[in-house]
Amino acid sequence: MIALFASVIYLVLFLFLKQTMDKLHSIIVVIAFFIFFQFILREQLIPLWQRLAVIFNSVPYSKGLLFTALLFLMNELICQLLEQYEYDAFATLVTLSVRMTAVLYWINLLQPKFQVLIQLLERLQ
């Protein structure tokens, strides 16, 4: 509820800034976006992630799935901001970086299982 109220306040503030200081509007919007994003992340997404991690604790790889979902959510938000300001190439680099981070995370998480599988396959030969 606080986020909804803050969104309305931000909207009114941004409209006022756009009318009075058009040149500074985009800079202030980006700064406010990251401040608001940090607030949402700290106050809502991380507690939700922690609660879901407790609920799905017995499910294998549930924390990894939650981490990946949170990572891709942050990627989507940042890429939309970059594309709005016509930085499409930079948004593509951010997406590539996030995908590589997710792949490396899962490779590190599954590496012991792959080694066991390789050992079993070697025994079968």
May I ask you to check whether over 12 heavy atoms, not counting those of [X], lie within 6.0 Å of atom [atom1]?
| X | atom1 | result |
| --- | --- | --- |
| R42 | CZ | yes |
| F39 | CZ | yes |
| E86 | CD | no |
| F90 | CZ | no |
| Y85 | OH | yes |

Inter-residue atom distance [X].[atom1] - [Y].[atom2], 0.5 Å rounding:
| X | Y | atom1 | atom2 | answer |
| --- | --- | --- | --- | --- |
| R99 | L104 | CZ | CG | 14.5 Å |
| H25 | L15 | NE2 | CG | 7.0 Å |
| I107 | F114 | CD1 | CZ | 8.0 Å |
| T92 | L82 | OG1 | CG | 9.5 Å |
| L65 | L70 | CG | CG | 12.5 Å |
| D88 | L93 | CG | CG | 11.5 Å |

> Without hydrogens or angle criteria, can the side chains of E76 and Q80 be said to hold a donor-acceptor pair below 3.5 Å?
Replying inline: yes

Side chains of [X] and [Y]: closer than 4.5 Å at any heavy-atom pair?
| X | Y | answer |
| --- | --- | --- |
| L81 | Y87 | no |
| Y61 | K113 | yes |
| M74 | F37 | yes |
| K63 | N57 | yes |

Same cluster for [X] and [Y] if Ile/Leu/Val/Met/Phe/Trp/Tyr side chains link at under 4.5 Å?
| X | Y | value |
| --- | --- | --- |
| L52 | V59 | yes |
| I46 | Y105 | yes |
| V103 | W106 | no |

> Of all residues at least two apart in sequence or in a different chain, which pass the side-chain contact (heavy atoms from CB on, under 4.5 Å) check with L13?
Replying inline: L17

>> Holding to ring-ring contact (aromatic ring centres under 6.0 Å, His included), I want the full list of residues that pass it with F36, two or more places apart in sequence or in another chain.
In response: Y10

